[in-house]
Amino acid sequence: MGGIGARMRTLREGVGLSQAKLGKIAGIPQATVNRYETGYTAVPVRVLVWYADYFDVSMDYLCCRTGSPQGRLYEYKPKILEEDGDVKRFVEMCFDPASPVNGRLRAAIIEILEEGRT
């Protein structure tokens, strides 16, 4: 047993369900739950999606891509300025070039946006 099956078993045992009870809830036979958990049978995507929804974990967690149940990209922050030139142009046009604080305000907003992507 290892990998995906071990995660499935840990989740099931964590809420105190037997394989039979979980199978009844999920609509799959207890023997099939056992084969998934032991790694004897590959788990279909629809079952993985059901587990992710039922136990409120990410597919990344179920597929052992991360140890965090929220998933690898849970804290994802997009690269706003590099990937979306429109945002940068919008910030540029929001300020009057003749204003003495224009440069500082624009730089501060751009810095805030860049911090949000790291």
Side-chain angles (χ1 to χ4, degrees):
M1 177 175 73
I4 295 171
R7 290 278 165 96
M8 293 171 71
R9 180 178 181 175
T10 299
L11 290 169
R12 176 184 57 78
E13 289 177 343
V15 295
L17 291 174
S18 67
Q19 287 180 343
K21 181 70 174 174
L22 181 88
K24 185 175 180 180
I25 294 167
I28 53 179
Q30 178 273 326
T32 303
V33 173
N34 182 272
R35 287 194 299 270
Y36 294 156
E37 289 184 1
T38 59
Y40 186 76
T41 302
V43 185
V45 172
R46 68 173 177 76
V47 173
L48 290 173
V49 170
W50 184 89
Y51 265 76
D53 290 342
Y54 185 80
F55 291 103
D56 193 24
V57 296
S58 72
M59 292 291 284
D60 281 339
Y61 177 75
L62 279 173
C63 294
C64 304
R65 291 184 52 182
T66 180
S68 171
Q70 290 86 15
R72 245 175 19 126
L73 302 178
Y74 189 73
E75 294 290 328
Y76 177 71
K77 295 177 184 167
K79 296 179 180 180
I80 295 170
L81 295 178
E82 289 178 8
E83 295 177 4
D84 190 354
D86 291 338
V87 173
K88 190 169 185 176
R89 283 190 295 279
F90 174 76
V91 170
E92 293 288 338
M93 70 182 207
C94 284
F95 298 96
D96 176 12
S99 170
V101 294
N102 178 45
R104 291 194 319 249
L105 283 173
R106 187 181 51 198
I109 290 175
I110 289 173
E111 182 180 333
I112 289 168
L113 290 171
E114 287 176 342
E115 284 178 7
R117 68 183 173 103
T118 58

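Because the structure is predicted, anything quoted here is derived from the model rather than measured.
- The side chain to side chain contact (heavy atoms under 4.5 Å, CB included) search around Val45 returns Val49, not counting sequence neighbours.
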Pairs under 3.5 angstrom only: tabulate donor-acceptor contacts from the side chains of residues 22-33 to other protein residues two or more places apart or in another chain.
residue, atom, partner, partner atom, Å
Gln30, NE2, Gln19, OE1, 2.6
Thr32, OG1, Arg35, NH2, 3.2

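- Between Glu37 and the options Arg12, Arg7, Arg9, a side-chain hydrogen bond (donor to acceptor under 3.5 Å, both in side chains) holds for only Arg12.
- Between atom CE of residue Met8 and atom CZ of residue Phe55 there is a gap of 8.5 Å, rounded to the nearest 0.5 Å.
- Between the CD1 atom in Ile4 and the SG atom in Cys64 there is a gap of 6.0 Å [rounded to 0.5 Å].
- Shortest non-hydrogen contact noted between Val57 and Tyr51 is CG2-O, 4.4 Å.
- Here the side chains of Pro44 and Tyr36 are in contact, with some heavy-atom distance below 4.5 Å.
- The closest side-chain heavy-atom distance from Tyr61 to Leu11 is below 4.5 Å.
- Residues that satisfy the side chain to side chain contact (heavy atoms under 4.5 Å, CB included) test with Ala42, not counting sequence neighbours, are absent from this structure.
- In this structure, the separation between CE on Met59 and CG on Asp53 is 9.0 Å, given to the nearest 0.5 Å.
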